[in-house]
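Following: one structure in structure tokens, then a few remarks.
Counting starts at 1 for both ligands and their atoms, following the listed order. Count residues from 1 along the sequence.
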Amino acid sequence: MKVTDLHVEYLKNPIGLDEKKPRFSWKIISDENDVVQSAYQIFVESNNRLVWDSGKRESGASVLIEYDGVELNPCTKYDVQVTVWDNKGNEDIIDAFFETGLFSGSNFQAEWITHDFIDDETACPIFVREFYVNKEIESVRIYATSLGIYEIKLNGEKVGDTFFAPGWTNYHKRLQYQTYANEELLIGQNNKIEIAVGNGWYKGIFGFECKPNLYGDRVAALVEVHISYKDGTKEVIPTDTSWKVTSGSIRYSEIYMGETFDSTIQEMKLSDVIVTNFDKNRLVSQESEPVRITQRLPSKEFIITPKGEKVIDFGQNLTGFVEFKIKGHKGQKVTIRHAEVLDKEGNLYTETLRQAISVDNFICNGEEQTFRPHFTFHGFRYICVEGLEEINIEDFTACVLHTQMEETGSFKTSNPLINQLQSNIQWGQRGNFLDIPTDCPQRDERLGWTGDAQVFAGTAAYNYNVALFFTKWLRDLKSEQTVEFGVPHIVPNILGDQGGAAAWSDAATIIPWVVYQTYGDTRILENQYDSMTGWVDYISNQCGSNGLWQSGYQYGDWLALDKEEGADRTGATDKYLVANAYYAYSTDIVRKTARILNKVEDANKYDELYEKIKKTFNVEYITATGRMVSETQTGCVLALHFDLAEEKYRSRILESLTRNIANHKNHLTTGFVGTPYLCHALTENNEHALAGTLLLKEDYPSWLYSVKKGATTIWERWNSILPSGDFEESGMNSLNHYAYGSIGEWMYGKLAGINQHEPGYKKILIKPQFIKGISSVEATFESVYGEIKSAWSCENKKINVTVTIPANTTAVIFLPEKDEPIEVGSGSYSYEYKTETNLELDRFSMDSTLQEILNEPIAINILNQYAPGMLNHPMIEFAYQLSVSEILATGPAETESLFKTVIDQLNQTSTAV
Ligand code: BGC
């Protein structure tokens, strides 16, 4: 037995942690089966002084154990040691450490400094200080933040490997600072520290109107260098009036617009800094993992387009920037334009960027140089290079940038198109989890749309560890929330006051719930509790005398295909049906949360409210005979999946749903609201095969349509690129929008079968479910206890299932085609058994057209025999091009079994494709 991955607040040996009661988690690895932890003991020491001994606790708890020792001091290193005992008589010890940050903004001794460049407005200021060190150094810490985004250099070298610090938060209330440990950069006695600050989100051109100065009109810096010497003395070098300021090579930098870097600029004149003010009480330490370059992609192809553009293809739509090597002549300007796609003629297509021009310019100094921008990022797959006679594509590298979350999921199947879909979903997450969850990374938006984050959160939590990423963002959400307006549509909110909207503002309840379910993190529920209840109470205040929310702006089933798009894009499902479905869902989450947090009175209150909403929902939106008022796919899906419809209505609603799908030739028509739940609702209601049919559709609208069109990320619209190769032209057409990637949750949960049985995966549910067209799946999920694996194949009349369950958890396994579930402890298990099931796609299905069926003489025989005269019906030729399911959706019920017989017969007598 071995204990691994001792983490403090989800991080490995973090520094600059401002958590007063940090939590410890570890994993157990063992070769034996059925291993559980029987006890643990935690010691925390600082400078060889014990500050906490948890005592030996007979407990299986190994995740997020709260520190409960002597009050922690700021800027102090703590060593942690955990001893673990298991039920097999083994024992192991693991060590880690954490170091606290400043704990409070008021502990910053530094002063905010800014500049006063009137004539040089677009250039980024660089704050400079030289300092002298004449003693031996023990350690160095730099605590830094800015209004704008910054990069620090010590003696000419970049400090740290992170980008876009201090990140984007609700600067009106919260601003992160970062801690760096870089003693190796202090090289001698004379040292120089430089802090360049770009406009970033604070002052830059941002938002729909592309206006500058959203939070303020001057960038500023707040930094202090703490040096501890070997002789025990300490020195602090804070920003103050002793610093100087200049403007350097970054002449212009805007997130949307790009950067201009002029390396011919010589050292400029230094001016005095100006001391400025920004409330230090708003400072908090870095809360999530930082943004880093997580991958470097080489160029794939060089293309000269019909228009003569010199284009490099990186083969993947991504978020980041390009780095390139060059030895240009002094003054030579190289321009890089970015685009997600080429048009059907093969020219660079930049319309998806809207007003975000995304152009980087570099001016060479005559030496060999490597360029990359500093304070901008782009969403692109292609770049167009100007200003270079000869292009050597090996000199260009795409740097992929995003919040560096731990990758936790993998998902592979026998179907290459589904594997590409999974890749597109993951790339969509990587491209849009850049410090905040954005809608898209390329156009003049890149905003923290709450709805997009909400629908994707479940999928996101399979692919990457999103605990800290969402913890940070939810604190901003809470800080932006008001009694009067509820939860904003974007966080951080730069759109101003707007009343909350269903499915968007419900991020306030749904995302903490996803984090709790995935990691067993109850602290997020505690911290967000007021925000969660506040959101539900806000809705209650909007309700009319019937107890329903039927007023105010709603996004409905955003971008659904069941209504002409027109001006409002909200789909055909009654917007207030959607609103009240979410009202019930959020209330359900809040009542469960209250119970978990032992708030009994609240739990009872929200129980009552929940029952009331459900009842009223049935009265208003379901007829007395069980038909939905909005008989759309999304209307039915919400009533079923949110468990809103009374039991007696469920079968009729399911029938409406499957009929609706059949009427669309087995295609979805759902938008942002219905899409994440559509396949879940079908699988949960014995229509798993139909869910599989939807997943594997390759023509528009479907998930695989974009894959077949060569997409490498998820598109904003089902038809962002039209079958003709033209683009959807509504002015809102991103090729990297993760919302429809929300199918990922169903792929992991229902196809691979990896689910939590109890929050945080302490008990696991493995329940793989087959669909035709996929004969094997292999998925892993790195839970807080360790890796869970579910792999199955159903080939050559044999089913194989392999499952891995991490130590200190148990699982229930439902094997396909077996009735009884199996309860297991940790370990790896393999099952092999016979089957008659063949998962290859049949040649004929309910999707075949009548014409295709009638091309087969056996079909004609059977139909003539069991439904004499049917094929002589005068209108029959109008049905030739309809699919069988479409015919059945309007025809009498008896025909269904007849057609099933025909299709079975045809498949038995023809070779499968
Ligand atoms: C965004 C969406 C967002 C929507 C809401 C769009 O511009 O890109 O993804 O949720 O607006 O209206």
- prompt: Between H737 and ligand 1, is there a nitrogen or oxygen pair with a distance under 3.5 Å?
  reply: yes
query: Among Y553, F208, W449, which residue places a heavy atom closest to atom 11 (O) of ligand 1?
result: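 Checking each option, the heavy atom nearest atom 11 (O) of ligand 1 is found in W449.
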- request: Decide, yes or no, whether a salt bridge links K614 with D588 under the criterion of side-chain N to carboxylate O below 4.0 Å.
  value: no
salt_bridge(K665, D699) N-O dist < 4.0 Å: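 No salt bridge links K665 with D699.
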task: Take K173 and E480 through the salt bridge (Lys or Arg N to Asp or Glu O under 4.0 Å) test and state the conclusion after the steps.
output: CA-CA 9 Å; K173 294 193 178 149; E480 300 273 17; over 6 Å; no
- prompt: With a 4.0 Å cut-off on heavy atoms, does E716 reach ligand 1?
  reply: yes
query: Parallel, tilted or perpendicular: which fits the ring planes of Y202 and Y171, with parallel below 30° and perpendicular above 60°?
result: tilted
- request: Quick one: sort the W201 and F206 rings into parallel, tilted or perpendicular, breaks at 30° and 60°.
  value: perpendicular
Element-labelled atoms of ligand 1 that are located less than 4.0 Å from some non-hydrogen atom of D439: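 By the 4.0 Å cutoff, the relevant atoms are 1 (C), 8 (O), 9 (O).
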field: Contacting atoms of ligand 1, where contact means under 4.0 angstrom from a heavy atom of W504
entry: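 The list of qualifying atoms is 5 (C), 10 (O).
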query: Excluding sequence neighbours, so at least two apart, what forms side chain to side chain donor-acceptor pair (under 3.5 Å) with T294?
result: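 If we apply the side chain to side chain donor-acceptor pair (under 3.5 Å) test to T294, skipping adjacent residues, the hits are H402, R430.
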In the protein, what heavy atom is nearest to [atom], and what distance, to one decimal place, separates them?
atom	value
atom 7 (O) of ligand 1	E445 OE2, 2.5 Å
atom 12 (O) of ligand 1	Y555 CE2, 2.9 Å
atom 10 (O) of ligand 1	D452 OD1, 2.6 Å

- request: Please name all residues satisfying salt bridge (Lys or Arg N to Asp or Glu O under 4.0 Å) with R337, sequence neighbours left out, ordered by chain then number.
  value: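 If we apply the salt bridge (Lys or Arg N to Asp or Glu O under 4.0 Å) test to R337, skipping adjacent residues, the hits are E386.
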field: Part of R443 with heavy atoms under 4.0 Å of ligand 1, whether side chain, backbone, both or neither
entry: side chain
